[in-house]
Amino acid sequence: MKTIIEPFKIKSVEPIYFNTKEERIAILEKAFYNPFLIHSADVLIDLLTDSGTSAMSSNQWAGMMQGDESYAGSPSFFRFEEAVQQITGMPLVIPTHQGRAAEKILFSILGGKGKYFVSNTFFDTTRANIEFSGAEAIDFICEEGNHPTTPAPFKGNMDTEALKLFIKEKGATNIPLCMITVTNNSGGGQPVSMQNIRDVKKICVEHQIPLFIDACRFAENSYFIKLREEGYASKSVREIAYELFSYADGCTMSAKKDAFANIGGFLAMHNEELAMQCRNLLVITEGFPTYGGLAGRDLEAIAIGLNEVMDEHYLQYRIRSIEYLTNKLIDAGVPVMQPAGGHAVYIDAKKFLNHIPVDQYPGQALVAALYVHGGIRSVEIGSLMFGKYASPEEGGDEHQKLIPAALELVRLAIPRRVYTQSHIDYVSEVIIEVFQNRNEIKGLIIVEEAPMLRHFTAKLKPAP
Ligand SMILES: Cc1ncc(COP(=O)(O)O)c(C=O)c1O
C-alpha cells in the first residue's frame, strides 16, 4: 500500500467558519496586515503555528481527569517527572508554563552583559530572553542551512568551525552555554544530525561550555535521524532520542509541540547547583517546583503526550504529510525550503515575490495574500521577525535603514493530528493560485511596532 493514512480516528470535531474573499480583505485591513491580529474564527485553515494547537488523544483527555491539583507533591507531577527523566536521562526536572518561561529562568541566571550564547539558530523567544538579560545570541548555522531551496539531509546542523573560531575570539569563560535547537524552527524545521551533536559536544567539553538542547521537536528530529543518518535505521525513536539527550547537560522544552499539549514546558538538567538556582527563580515567577505554572491536568497531558509522540506510525504520517505538501508545491514551481522540514512548509518569499524589496517585507505580503485568497493563516519568518534597524555606526539614521534577516520565509506550520489530507490539498491549491498571480501582490510598510518581538503586534499597511 502506497498511501500513508492518518494513524487515528476522529472522535470530536470543531466547525470551520467560512467567509468570502471580500470579507477577508476587510478583516485583514482591520488587523493591520498582521495575522496575529486576526480573530481565529475568521480563519479557514490555521497554519500560524504548530504550538499548542495539537489535537489531544483520548488517552490525554482521560489523563486530564486524573490530574491531581494539590499545591505540593501532586502525583501528576511525579508522572510528568518520570516521563521526562525516562526520555532525556536527566534527573532534575522543572515544570514551566511554556517554553519561553524555561528560557527566561535559564538565561536570567546565566545571562548578563558581556556574555555570549551560541546556537545553530536560536528561536525568536530564546534570542529575546538572552538579549533581555543583556547578553548576545549568536547563530552558527551550517552552510547548507543558508540555501533554502538546495536539498541536504541535515540543514539544521551547527557550523562547528565557526563555533571553534568564536570561542577562540571571545574566550570560553564568556560563553556560559551552547544550545542546539532540534529541529531548527527558524531555519526551516530542518533536523540536526547525531554526528553534529556529538561534534558540538566535543568542542563544548574541551572548553567546559555546557550544552543544552532546545527540545521542542525532539521526536521529529529523532525520526529524521532514523531515516537519514547511517547506523540509525534499526534503532527505535526512543533509543535515538535517549542518545541525543545523552550528549546534553540540560534542555528546555515547550511541551506545546512534540508533547501534544495545549500548554506547558520544562527545564531538565544534570547540574544540582544550576537546578537549585532555577527552582529559586521558578518559585517567584512560575510556582512551586511540583507544578511550576501548570495545572496537575496539564502535567498529565504532557506525560502522556511525550510518550505518544514517539509512536513511529505517527511520526511516519507526520513527516510524510509535510513532505506531501512540499512536493505538491515543488511540482508547481513554487520556491520552497528543501527538503521538507519536520513541522512546517517554508516558502522562500524572496524568490516567490522577487519584485518586492526586503524593506517592504515580501514574507508578510505573501502571508496577507494567502489569507485573502484562501483564508489560510501563516506566519512570516523573515525581516519583520528578525530584521533590525542599523545603528549610527552601521550607517543608520532617523530614516531607520533595515538590516534584513538572512532569509525571507513564510512558514505554514501544520498542527499535529488536526487537519486531514483534503485540508492539505486545499492549502496547496490556494498557494499555487496565489503563485500564478504573484505579480499582483504589493509590498507592505510598518506603521507601528514594539521594540522587541515586533512581529506579534506590528501594524502594517500597503506600500505606497
Ligand atoms: C524552537 C522553539 N523554541 C522555543 C519556543 C518557545 O516555546 P513557547 O511558545 O512554549 O514559549 C518555540 C515556540 O514556538 C520554538 O519553536
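In this chain, numbering begins with 1 at the start of the sequence shown. Remember, it's 1-based here, ligands and their atoms both numbered in the order they're listed. None of the values given here were measured: they were computed from a predicted structure. Side chains are part of it too, since the values below use all heavy atoms of this structure and drop only hydrogens, waters and symmetry mates.
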Enumerated ligand 1 atoms positioned under 4.0 Å from heavy atoms of T181 = 1 (C)
query = Quick one: does T125 get an N or O within less than 3.5 Å of an N or O on ligand 1?
reply = no
inquiry  = Can you see whether Y223 has R318 sitting over its ring - NZ or CZ less than 6.0 Å from the centre and within 45° of the normal?
reply    = no
ask   = For atom 4 (C) of ligand 1, what is the nearest protein heavy atom, given as residue, atom name and distance?
value = E103 OE2, 3.1 Å
Residues D50, R416: salt bridge by 4.0 Å N-O rule = yes
remark   = In ligand 1, the atoms that come under 4.0 Å of a heavy atom of R217 are 1 (C), 15 (C), 16 (O)
Close-contact set for ligand 1 against G99 heavy atoms, below 4.0 Å = 7 (O), 8 (P), 10 (O), 11 (O)
inquiry  = Quick test: of every protein heavy atom, which one is nearest to atom 10 (O) of ligand 1, and how far off is it to 0.1 Å?
reply    = S254 OG, 2.7 Å
query = Does a donor on one side chain and an acceptor on the other come within less than 3.5 Å for E220 and T183?
reply = no
task = Apply side-chain hydrogen bond (donor to acceptor under 3.5 Å, both in side chains) to N185 and Y346, showing your working.
result = CA-CA 10 Å; N185 185 5; Y346 292 72; 3.0 Å; yes
ask   = With backbone taken as N, CA, C and O and side chain as the heavy atoms from C-beta onward, which portion of R100 lies under 4.0 Å from ligand 1: side chain, backbone, both, or neither?
value = both
message = With a 4.0 Å cut-off on heavy atoms, is C216 in contact with ligand 1?
response = yes
ask   = What protein heavy atom sits nearest atom 3 (N) of ligand 1, and how far off is it?
value = D214 OD2, 2.6 Å
inquiry  = Judged on heavy-atom distance to atom 7 (O) of ligand 1, which of Q98, K256, K257, K104 sits nearest?
reply    = K257
ask   = Step by step, would you call L274 with L106 a side chain to side chain contact (heavy atoms under 4.5 Å, CB included)?
value = CA-CA 9 Å; L274 180 60; L106 185 65; 4.2 Å; yes
request  = Enumerate the residue pairs fulfilling salt bridge (charged side-chain N to carboxylate O under 4.0 Å, His left out) with a member in residues 110-126, sequence neighbours excluded, ordered by first and then second residue.
outcome  = none
Only distances under 3.5 Å count here; give the side-chain donor-acceptor pairs of residues 186-193 to other protein atoms, sequence neighbours excluded, each with its distance to 0.1 Å.
from, atom 1, to, atom 2, distance (Å)
Q190, NE2, G188, O, 3.4
Q190, NE2, P339, O, 2.8
S193, OG, N196, N, 3.0

Flag for T149-K351: side-chain donor and acceptor within less than 3.5 Å = yes
request  = Would you check whether F123 has a nitrogen or oxygen atom less than 3.5 angstrom from a nitrogen or oxygen atom of ligand 1?
outcome  = no
